[in-house]
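Below is the structure I would like to discuss, written out as structure tokens.
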Amino acid sequence: MQAVFLKKLRHALAFAMAALLVCACSKSPEQKARERAQAIDAAVARAQVMLSGQNLSGAIETLSSAYAMHGEDAKVCENLGYAYSQDGQAALSAVYFEKAAKLDEEKNMLCLYSAKAYEQAFSYDEAARMYEKY
């Protein structure tokens, strides 16, 4: 009888310790947002160094990875637009400049960059649409 009680007590204590550990390790939403912003800033900084060194594929890979891991972000999309533009991929450049413009409506120039890239990709209807937004 006492052995059963001790066994149940051990299980209860183990469960309580596990619950305490999970609660102690949980991050607040603010902390998660801060860490996300730091990771994005670091990826963008790395990509900008690669772009200045003409390592276009490295920059695109770094930014694409940040996009996949952290979701849509205006800085990541804008820099992907620049990277694809420098790499001669106008259609992808236009798409990412447009996404960046939607995410950061204060940067009106992104609509212009998207329009010009759509024009270079011979997507004239899309270019006209983005010129109108500009």
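Residue numbers count from 1 along this sequence.
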- Message: I'd like to know if E35 and K32 make a salt bridge, using a cut-off of under 4.0 Å between side-chain N and carboxylate O.
- Response: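 No salt bridge links E35 with K32.
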(request) Starting at CZ of R36, measure out to CG of D41 and round the result to the nearest 0.5 Å. (result)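 One gets 10.5 Å once the value is rounded to the nearest 0.5 Å.
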Answer yes if F97 and Y131 sit in the same cluster of Ile, Leu, Val, Met, Phe, Trp and Tyr residues linked by side chain heavy atoms under 4.5 Å apart, and no otherwise.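 In one cluster: yes.
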### Message
Under a 3.5 Å distance rule, please check whether S114 uses its side chain to pair with a backbone N or O of A94 as donor and acceptor.
### Response
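Here the side-chain-to-backbone pair exists.
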Worksheet item: Among the clusters formed by ILVMFWY side chains lying less than 4.5 Å apart, do L80 and L56 turn up in the same one?
Response: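 Each belongs to a different hydrophobic cluster.
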Practice task
Hey, could you give me the CD/CD distance between Q120 and Q89, rounded to the nearest 0.5 Å?
Solution key: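 Result: 12.5 Å between the selected atoms.
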Item to check | Hphob cluster co-occupancy, I60 + Y82, side-chain heavy atoms under 4.5 angstrom | outcome: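 They do not share one cluster, since no chain of ILVMFWY contacts under 4.5 Å joins I60 to Y82.
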Does the pair Q54 and Q86 meet the rule for a side chain to side chain contact (heavy atoms under 4.5 Å, CB included), with working shown?
-> CA-CA 9 Å; Q54 295 301 307; Q86 288 183 20; 4.2 Å; yes
Inter-residue atom distance S123.OG - Y118.OH, 0.5 Å rounding: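 If we round to the nearest 0.5 Å, S123:OG and Y118:OH are 7.0 Å apart.
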Electrostatic pair R129:E98 at N-O distance under 4.0 angstrom: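 Yes, charged N to carboxylate O under 4.0 Å.
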| said: So, taking the atom named OG1 in T62 and the one named CG in N55, what distance separates them when rounded to the nearest 0.5 Å? | reply: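 Here the rounded value is 8.0 Å.
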Around atom CD of E72, are there more than 12 heavy atoms from other residues, nucleotides or ligands closer than 6.0 Å?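 Counting neighbours around CD of E72, more than 12 heavy atoms of other residues, nucleotides or ligands fall under 6.0 Å, so yes.
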Contacts under 3.5 angstrom, residues 101-111 side chains, donor-acceptor by atom type, not counting sequence neighbours:
unit_1	atom_1	unit_2	atom_2	d
D104	OD1	E106	N	3.3
K107	NZ	E78	OE1	2.9
N108	ND2	Y134	O	3.2

- Query: Would you find more than 12 non-hydrogen atoms of other residues, nucleotides or ligands less than 6.0 Å from K116 atom NZ?
  - Reply: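 Atom NZ in K116 is not packed in, count stays at 12 or less.
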Q) Are L63 and I40 joined in one hydrophobic group, where the rule is that I, L, V, M, F, W and Y side chains link up if heavy atoms are under 4.5 Å apart? A)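 Yes.
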Worksheet entry | Pairing residues for Y124 by the side chain to side chain contact (heavy atoms under 4.5 Å, CB included) criterion, not counting sequence neighbours |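 Y124 satisfies side chain to side chain contact (heavy atoms under 4.5 Å, CB included) with E119, F122 only.
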Aromatic rings Y84 and Y96: how do their planes relate, parallel, tilted or perpendicular, breaks at 30° and 60°?
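Parallel: the ring planes of Y84 and Y96 meet at under 30°.
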Exercise. Are the side chains of Q48 and N79 in touch, meaning some heavy atoms are under 4.5 Å apart?
Worked result: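 Heavy-atom side-chain distance check passes, below 4.5 Å.
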Q. What pair of heavy atoms forms the shortest contact from A117 to S93, and how long is it?
A.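 Scanning both residues completely, I find the closest heavy atoms to be CB-OG, 3.9 Å.
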Quiz item: Shortest non-hydrogen contact from A100 to A74?
Solution: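 It is CB-O, 3.7 Å.
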**Prompt:** Distance from D125 atom CG to M130 atom CE, nearest 0.5 Å?
**Reply:**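 Those atoms lie 14.0 Å apart.
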